[in-house]
Amino acid sequence: MPAETEEPTIDELDGRAVGATEAETLFGPFAGQRIVLAVSGGPDSMAMMHLAAAAAPALRMTLVVATVDHGLRPDSAADAAFVRQHAEKLGFSCAVLHWQGGKPATRIQELAREARYRLLVDHAREVNAPVLITAHTLDDQAETILFRMARGSGLGGLVGMRACVRRNGVSHARPLLGVPKLRLIETCRTWAVPYRADASNANVDYARVRWRALMPMLAEEGLTAERLQRLSNRLARADAALAARADTVILAARREIAAHPGKSGYDAAIIAAEPIEIVIRIVGFLIERMRDTAADVDGTASFQHVPLSRLEALAEAFQAAMLGGRPLRRTLAGLVFDHAGGVFSIDTAPPRRSRKPLLL
């Protein structure tokens with residue numbers, strides 16, 4: 001392979017405001033659609049709201065704004081009021097969504113993010129908007145990759161945030177994922193867009209804040225946000241290729257279980273012949289499909305999250321059992337995995353029977 005050529009560490013456009021023409025390009029994929037813009041009041045989302053407003057007439061987009069008041073800071077209500085005021089100045093309706101109930105003492109940012117997406121997606125469904133847009137930037141992507149790398153994520157995790165994902169029937173898009181934060185700050189300055197600072201962004205108790213503080217030092221060594229994004233793009237290509245192979249194997253291995261008419265399993269010999277990375281993905285995909293089926297039935301996904309290390313151990317155990325022709329049965333995350341008679345299958349685990357108290 002040819003050696004990688006030296007590339008600039010900083011995009012020449014980093015300090016330039018995003019203009020109306022570029023805004024139309026960024027939001028072009030959403031032409032003619034009804035969109036919920038998630039706006040927090042910070043420079044990224046305020047710039048996004050004004051850029052979307054500039055692009056909307058040419059693209060025939062219908063925009064509504066939503067902001068989430070997590071209730072975690074004394075000034076969170078004022079931030080929400082600020083967003084509503086400026087959204088209405090642009091002619092947009094603005095819903096303030098509240099995270100109700102008690103707040104966690106640990107994993108605050110992670111659980112707040114989950115609550116935020118749930119509230120925003122639910123609101124998008126309520127207002128019949130098929131698209132939710134957030135203002136994640138190139139810098140956010142770099143922090144995500146570093147954060148996941150430190151936690152030992154697999155290939156899919158190191159891809160970082162996807163430009164578009166599905167959340168409960170709504171497309172969650174991030175059109176600014178390739179735009180440096182500095183450009184959005186300059187957009188606010190050039191367009192005279194006000195914004196508010198979130199004090200939690202300087203709280204070093206949060207891992208993301210600590211990674212953000214390290215970014216300038218990493219950039220000096222060449223590990224810039226741009227290069228991390230390039231790594232993300234390359235990993236995404238590899239991830240897609242592996243996923244396509246896993247899908248092909250699943251289709252080839254699918255068969256009906258003779259002892260259970262109408263119930264499907266998978267030919268163990270076909271699966272076991274694949275490299276372990278493909279076997280891991282096959283098991284993971286089957287778990288996701290079981291989760292999706294449960295969501296289709298009752299609107300929820302009741303299965304637990306499976307850590308990658310446990311998924312790897314499960315796949316390795318079953319591959320060894322399949323190659324050795326040995327039966328194996330394991331339970332993980334509310335699911336039963338079984339290999340017997342050359343067939344690999346997965347099913348929901350039966351409910352646990354509660355133990356009756358002994359009568360003394």
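Since this is a predicted model, take the numbers as computed values, not measurements. All heavy atoms count here, side chains included; hydrogens, waters and symmetry mates do not.
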Heavy atoms only: give me the nearest [X]-[Y] pair and the separation to one decimal.
{"X": "I250", "Y": "R289", "result": "CG2-NH1, 3.6 Å"}
{"X": "A173", "Y": "V131", "result": "CB-CG1, 4.4 Å"}
{"X": "A129", "Y": "V36", "result": "CB-CG2, 3.7 Å"}
{"X": "M215", "Y": "A142", "result": "CE-CB, 3.8 Å"}

Checklist entry - Got a second to check how far E277's CD is from L155's CG, nearest 0.5 Å? => result 6.5 Å
Using a strict threshold of under 4.0 Å (side-chain N to carboxylate O), is an ion pair present between [Y] and [X]?
{"X": "R189", "Y": "E186", "answer": "yes"}
{"X": "D239", "Y": "R281", "answer": "yes"}
{"X": "R73", "Y": "D79", "answer": "yes"}
{"X": "E143", "Y": "K181", "answer": "no"}

Item to check | Pairs satisfying side chain to side chain donor-acceptor pair (under 3.5 Å), at least one member in residues 316-328, at least two apart | outcome: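 For residues 316-328, and leaving out neighbouring residues, there are no side chain to side chain donor-acceptor pair (under 3.5 Å) pairs at all.
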Item to check | Pairs where residues 60-72 contributes a residue and the test side chain to side chain donor-acceptor pair (under 3.5 Å) is met, not counting sequence neighbours | outcome: D69-S76, H70-R116
Next on the checklist: Students often mix this up, so state it plainly: with edges at 30° and 60°, are the rings of F337 and F318 parallel, tilted or perpendicular?
Outcome noted: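 The rings of F337 and F318 sit tilted, inter-plane angle from 30° to 60°.
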Checklist outcome for this item: With V179 as partner, the option from L51, L184, D44 fulfilling side chain to side chain contact (heavy atoms under 4.5 Å, CB included) is L184
Item to check | Partner residues of S40 under the side-chain hydrogen bond (donor to acceptor under 3.5 Å, both in side chains) criterion, sequence neighbours left out | outcome: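 Residues passing side-chain hydrogen bond (donor to acceptor under 3.5 Å, both in side chains) with S40: S45.
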